[in-house]
Structures are given as structure tokens and as C-alpha cells.
Amino acid sequence: MNVLHRARDLAHDAYRRLPFVGPPKDHAGPLPYVLSRPSVRPILPVADMAAASDFYRRLGFQVVAHDDGYARVEHCGWEYLHLRRVDDAAGNQASAYVHVDDADVWHAAMAAASNGDIDLGEPADMPWGMREFTVTDPCGNHVRFGHNL
């Protein structure tokens with residue numbers, strides 16, 4: 001994570017702990033003011049829960065099953081993705097973006113965890129200002145890992 005984003009997160013965390021004083025004067029729109037970075041966990045459809053769980057474990061994640069039809073993909077106690085079993089994932093075009101501190105470090109760690117047996121693509125600088133790589137699970141879900149340039 002670049003220093004500017006980390007500093008902003010620390011400032012927002014400190015601000016959040018202060019007594020609520022209301023949104024800044026430049027806040028506009030019908031949605032509530034957001035004091036800290038939102039946390040989103042996409043729910044990806046999987047036709048084969050065992051294959052999807054094995055895939056994410058081979059990348060180095062922990063997969064915690066809720067039941068036969070639902071699981072969480074975690075690392076270091078943080079939830080990254082949720083998996084939901086569906087009867088048919090044909091035509092699946094689901095995807096997720098995971099912002100990380102350093103895409104190259106994550107790429108190397110996943111390559112090592114999977115012994116190079118999973119196609120991770122190569123990290124690349126994108127025209128939209130991200131350095132990223134994409135993995136595709138056995139059910140067709142595309143998960144990009146990247147950081148801001």
C-alpha cells in the first residue's frame with residue numbers, strides 16, 4: 001500500500017474514534033458519509049465447491065466452510081472472498097478485485113504456494129494505473145490482485 005493511502009487510512013481511523021461531529025461541509029448526495037475505507041467481500045458462484053476450495057487452498061488461502069454450499073476464503077484472519085455453490089456455473093462471468101500492498105509479492109507467494117501449478121498470469125502495469133495479475137478458478141471466476149501505481 002502506498003504511503004499516502006496508509007496515512008489516509010490512519011487519519012480516517014483516528015477521526016472515526018472521535019465523537020461524531022457530522023460529515024464534512026463538502027459532503028453531498030443521499031448516501032451517508034463514509035469515514036473509513038469500505039470493506040467488500042464478493043460472493044463468487046461455484047458449481048464444484050470441493051474444486052474451488054482446493055484451488056484457493058493451493059494458492060495459500062484458508063477456506064472455511066460454513067456448510068456444503070457456502071465457504072469463506074481467508075488469509076491472516078481476514079475474509080477476502082465468499083464462495084456459494086450453484087447448480088450450474090455455465091456462462092459464469094463473475095470477478096473480484098483484491099487490492100494488495102504489492103502485487104509482485106502476492107504473485108510470488110501464490111506461485112510458491114501452488115508450486116507453479118496454477119496459471120497466475122504475470123503482474124503488469126495497466127493503463128488505468130494499477131499493477132495487477134489475474135487468476136481464474138475452476139468455476140470461471142476471475143480474481144485480480146493489484147495495487148495502485
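With values rounded to the nearest 0.5 angstrom, R72 atom CZ is found 12.0 Å from I43 atom CD1. Taking OG of S53 as the reference point, atom CG of D137 lies at 10.0 Å (rounded to 0.5 Å). Taken from CG in D48 to SG in C139, the straight-line distance is 6.0 Å, to the nearest 0.5 Å.
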Query - salt bridge (charged side-chain N to carboxylate O under 4.0 Å, His left out) between D68 and R85, worked out - result: CA-CA 8 Å; D68 290 342; R85 191 180 59 73; over 6 Å; no
Report task. Begin with the C-alpha distance, continue with both residues' side-chain angles, and end with the deciding distance and a verdict on side chain to side chain contact (heavy atoms under 4.5 Å, CB included) for H107 and E122. Result -> CA-CA 8 Å; H107 184 273; E122 289 297 323; 4.0 Å; yes
Requested in this report: Could you give me the CA-CA distance, side-chain angles and deciding distance for I118 and R58, then say whether side chain to side chain contact (heavy atoms under 4.5 Å, CB included) is met?
Outcome: CA-CA 8 Å; I118 295 176; R58 288 175 46 219; 3.4 Å; yes
Query - Derivation and outcome, side chain to side chain contact (heavy atoms under 4.5 Å, CB included), residues V143 and Y56 - result: CA-CA 11 Å; V143 182; Y56 289 103; 3.6 Å; yes
Requested in this report: Start with the C-alpha distance between L81 and N141, add both sets of side-chain angles, then the distance that settles side chain to side chain contact (heavy atoms under 4.5 Å, CB included), and finish with yes or no.
Outcome: CA-CA 11 Å; L81 309 165; N141 295 299; over 6 Å; no
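A donor-acceptor contact closer than 3.5 angstrom links the side chains of E132 and Y97. With 3.5 Å as the limit, one finds no donor-acceptor pair spanning the side chains of H142 and T134. Y70 and H82 share a side-chain donor-acceptor pair at under 3.5 Å.
Considering only heavy atoms from C-beta on, L59 comes within 4.5 Å of L120 through its side chain. In this structure, V100 and D102 have side chains that are not in contact, with every pair of non-hydrogen atoms separated by 4.5 Å or more. H99 places a side-chain heavy atom less than 4.5 Å from the side chain of M130.
When all heavy atoms are compared, the tightest approach of F145 to A103 is O-CB, 4.0 Å. Scanning both residues, M49 and L83, for their nearest heavy atoms gives CE-O, 3.7 Å. Summarising the geometry of M126 relative to L149, their closest heavy-atom pair is O-CD1, 4.3 Å, with the distance given to 0.1 Å. For the residue pair P45 and A94, the shortest heavy atom distance occurs at CD-CB, 3.7 Å. Closest approach of A51 and P138 over heavy atoms only: O-CG, 3.8 Å.
The one candidate from W78, F55, Y80 that meets the ring pair (Phe, Tyr, Trp, His ring centres under 6.0 Å) condition with F61 is Y80.
Within a 6.0 Å sphere centred on CG of D125, other residues, nucleotides and ligands contribute more than 12 heavy atoms.
Within the 6.0 Å centre-distance limit, the rings of W106 and H75 are counted as a close aromatic pair.
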